[in-house]
Student: 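One structure follows; several queries about it will come next.
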Amino acid sequence: MTDRSTELADNLARVEERIAAACAAAGRDRGEVTLIVVTKTYPASDVRILHGLGVRHMAENRDQDAAPKAAACADLDIRWHFVGQLQTNKVRSVAGYADVVQSVDRPKLVSALSAAAVRADREIGCLVQVALDAESGRQGERGGVAPDRIEELADAVAAAPGLRLGGLMTVAPLAGPYAGRQQAAFERLMEFSSGLRAAHPAANMVSAGMSADLEQAVAAGATHVRVGTAVLGVRPRLR
Ligand SMILES: *Cc1c(COP(=O)(O)O)cnc(C)c1O
């Protein structure tokens with residue numbers, strides 16, 4: 001193994017231990033939680049190493065970086081998740097490789113994704129990104145819709161050809177009443193998920209939790225955690 005392979009294997013093992021421990025503490029089956037490794041700013045060679053270590057879900061937040069990386073790894077069975085704010089002029093590119101877009105936050109994006117998915121003859125999973133700080137009217141910079149608009153967007157996704165409504169995603173807010181209260185934030189997201197599933201039973205994905213707060217997300221009931229730094233290392237610059 002190369003030094004980098006050893007480093008990633010060690011980091012991944014530590015993250016796996018954390019997820020397993022969080023599942024055990026919450027009385028949940030390890031199989032209920034999917035690890036998505038966020039490979040943004042890291043090269044395709046790291047994606048290849050992670051795939052060799054058994055990781056099958058990877059995430060990116062910028063199309064400019066993601067598109068060439070996905071192309072370089074097209075021979076691998078990887079499910080790509082797009083987790084960044086997405087401009088409609090990037091949608092056609094993203095629809096070429098993304099299996100899931102976790103950052104759906106406006107009707108215009110839904111129609112653009114639908115058209116691109118149909119054109120590419122692909123089905124794209126969509127998560128509505130919820131801004132929990134928007135409840136307080138002090139929405140931060142982390143994207144997403146205010147909770148009172150989840151239903152409208154979910155219905156739009158569910159009705160759109162080429163798209164599959166997967167569920168909800170959030171990033172723990174830095175401002176507002178949930179700042180510093182990750183578990184409460186993720187529990188709030190779970191309440192919105194219950195409401196969503198009443199109308200759309202198959203939309204059962206709940207994507208929450210990153211390197212710093214994956215335990216709180218698993219405790220709250222998240223089905224997917226998105227981990228970057230804890231597996232790949234501290235990124236050269238924040239995005
Ligand atoms: C970068 C990123 C992550 C991973 O964050 P880490 O703190 O590095 O684990 C998760 N979700 C989104 C939306 C991101 O942009």
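Order of appearance sets the numbers: ligands from 1, and atoms from 1 within every ligand. Numbers for residues simply follow the sequence, beginning at 1.
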Student: Under 3.5 Å, is there a donor on one side chain and an acceptor on the other for Asp63 and Tyr97?
Tutor: yes
Student: Please say whether Gly228 places an N or O atom under 3.5 Å from an N or O atom belonging to ligand 1.
Tutor: yes
Student: Side chains of Asp99 and His57 only: does a donor on one sit below 3.5 Å from an acceptor on the other?
Tutor: no
Student: Could you pull out, from Met210, Lys40, Gln102, the option with a heavy atom nearest to atom 2 (C) of ligand 1?
Tutor: Lys40
Student: Any luck finding a side-chain donor-acceptor pair between Ser114 and Ser111 under 3.5 Å?
Tutor: no
Student: Exactly one of Val218, Asp213, Ile36 should register a side-chain contact (heavy atoms from CB on, under 4.5 Å) with Val225. Which one does?
Tutor: Val218
Student: Out of Ala172, Ser211, Gly233, indicate the one that has the non-hydrogen atom closest to atom 6 (P) of ligand 1.
Tutor: Ser211
Student: Please check if any side-chain donor atom of Gln129 sits under 3.5 Å from a side-chain acceptor atom of Ser103, or the reverse.
Tutor: no
Student: So if I count the atoms of ligand 1 from 1 in the order they appear, which ones are less than 4.0 Å from some heavy atom of Thr229?
Tutor: 6 (P), 7 (O), 8 (O), 9 (O)
Student: With heavy atoms only and a cut-off of under 4.0 Å, state how Val38 meets ligand 1: side chain, backbone, both or neither.
Tutor: side chain
Student: Give the numbers and elements of all ligand 1 atoms closer than 4.0 Å to a heavy atom of Val227.
Tutor: 9 (O)
